[in-house]
Amino acid sequence: MTRIEGKQVLITGASSGIGAACARRFAREGANVILWARRLDRLEQLAREIQTAGGSKPLIREVDVRGRDDVSTAAAELIEAGAVPHILINNAGLAAGFDFVQDGDPDDWDRMIDTNVKGLLNVTRSLLSAMIRLGRGHVINIGSTAGHMTYPRGNVYAATKYAVRALTEGMNLDVQGTPIRISSVDPGFVETEFSVVRFSGNAERAGKVYDGFRPLSGDDVADTVCYVAGLPEHVNILDVVVVPTAQRNVYVVDREP
Ligand code: NDP
Ligand code: 8X3
């Protein structure tokens, strides 16, 4: 029996990439996973896959983390049903565009700030009080190496991930006096749909981001998240940075020619 078995684990942005990998991994560990994202068809497919592999039936719901009312309603339903997550993985996020600030599209800025920062706040605020009332809970924020160092054209995306780092620190202070744990897992390059989304569906351009080296997979990050979540309750990893071996800092990468 692992420390994860039987726990309720809410994963935002579970329809793809790191979130979907966490869903599969936590379900395999015996957790009851609760999966939120905007693409319900993807969640339905993932839920079927998890059940076929022997996992418990996931609770799925179409939730846009930017919609404060929608998030509150979805969270209230979980609380009402006695399904307050033991573990909340704040993963939903994106990069939109790759421009200098002077050329940037303010709509891209809004999407990133509204999702990566305000979305994370919406979800956390809707559930943290219930976790505190129950005297248990672990919030794991998915940050980024871009929350530790910026890179050319990374401006607003990096700013959102710096904000996630500040929120991890701040939330940890906010739960002072409770047994709640707040952690951050900060990956470097992970090959998911992230770059396809950033480049508005241009898969060829997205693929070039990972040319000449072996990036992390969603499963690699899920391993780290699972490790952080599975530690004894008196142990908390505040922040872990996980990168491909070839990645030397946020933008220096050993690439095969
Ligand atoms: P993907 O694009 O593969 O997955 C992003 C997920 O976020 C999708 O499931 C998407 O679901 C969901 N999402 C996006 N916007 C919203 C929204 N408004 N409401 C709810 N869900 C939303 O990328 P990754 O798996 O790589 O990204 C996951 C997290 O990891 C992000 O926070 C990202 O910043 C972070 N990260 C990624 C790295 C990488 O190199 N890939 C490195 C470091 C951090 P849907 O569209 O169905 O709503
Ligand atoms: C995503 C990492 O460097 O591709 O957080 O922007 S990067």
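Note that these values count all heavy atoms, side chains included, but never hydrogens, waters or copies made by symmetry. As the structure lists them, so they are numbered: ligands from 1, and atoms in each ligand from 1.
- Looking at Ile18 against ligand 1, both its backbone and its side chain come within 4.0 Å, counting heavy atoms.
- The proximity of Val63 to ligand 1, defined as any non-hydrogen pair under 4.0 Å, is limited to the backbone.
- Geometrically, ligand 1 and Gly13 share a nitrogen or oxygen pair separated by less than 3.5 Å.
- At least one test fails for Arg255 against the ring of Phe213: distance under 6.0 Å to the centre or angle within 45° of the axis.
- Regarding atom 2 (C) of ligand 2, its nearest protein heavy-atom neighbour is Ser144 OG, 3.7 Å.
- At a heavy-atom distance under 4.0 Å, no atom of Trp36 approaches ligand 1.
- Not a single heavy atom of Lys161 sits less than 4.0 Å from an atom of ligand 2.
- Residue-ligand proximity, Phe189 to ligand 1, at heavy-atom distances under 4.0 Å covers atoms 40 (O).
- Counting non-hydrogen atoms of neighbouring residues, nucleotides and ligands closer than 6.0 angstrom, the CZ atom of Arg42 exceeds 12 such neighbours.
- When only interatomic distances are considered, the shortest N/O to N/O separation between Val65 and ligand 1 falls below 3.5 Å.
- No heavy atom of Arg42 sits closer than 4.0 Å to any atom of ligand 1.
- Counting heavy atoms closer than 4.0 Å to ligand 1, residue Phe194 contributes atoms from both its backbone and its side chain.
- Within the listing of ligand 1, atoms 43 (C), 44 (C) sit less than 4.0 angstrom from a heavy atom of Gly143.
- Residue Gly188 places a heavy atom under 4.0 Å from ligand 1.
- Crowding of Gln51 atom CD: a count of heavy atoms from other residues, nucleotides or ligands under 6.0 Å exceeding 12.
- Which parts of ligand 2 touch Arg198 is read off a 4.0 Å heavy-atom cut-off, strictly below it: atoms 6 (O).
- Residues passing the side chain to side chain contact (heavy atoms under 4.5 Å, CB included) test with Tyr151, sequence neighbours excluded: Phe98, Ala146, Tyr157, Arg198, Val250, Tyr251.
- For Val190, a nitrogen or oxygen atom sits less than 3.5 Å from a nitrogen or oxygen atom of ligand 1, counting backbone and side chain alike.
- Val185 is listed as a side-chain neighbour of Val221, based on a closest heavy-atom distance under 4.5 Å.
- Residue Tyr210 has no nitrogen or oxygen atom sitting less than 3.5 Å from a nitrogen or oxygen atom of ligand 1, judged on distance alone.
- Where the criterion is an N or O separation shorter than 3.5 Å, residue side chain and backbone included, Ser144 fails it with respect to ligand 1.
- Under the 4.0 angstrom criterion for non-hydrogen atoms, Asn91 is in contact with ligand 1.
- Comparing heavy-atom distances from atom 1 (C) of ligand 2 across Tyr157, Phe98, Phe189, Tyr151 singles out Tyr157 as nearest.
- Residue Asn116 has no nitrogen or oxygen atom sitting less than 3.5 Å from a nitrogen or oxygen atom of ligand 1, judged on distance alone.
- A continuous path of hydrophobic side-chain contacts links Ile237 to Leu216 [ILVMFWY only; heavy atoms under 4.5 Å].
- Residue Lys161 touches ligand 1 through its side chain alone, judged by heavy-atom distances below 4.0 Å.
- The only member of Arg24, Arg28, Lys57 that meets salt bridge (Lys or Arg N to Asp or Glu O under 4.0 Å) when paired with Glu49 is Arg24.
- The closest side-chain heavy-atom distance from Tyr227 to Asp223 is not below 4.5 Å.
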Return a table of donor-acceptor pairs under 3.5 angstrom between the side chains of residues 166-176 and protein atoms on other chains or two or more places apart.
| residue | atom | partner | partner atom | Å |
| --- | --- | --- | --- | --- |
| Thr168 | OG1 | Asn141 | ND2 | 3.0 |
| Thr168 | OG1 | Val164 | O | 3.0 |

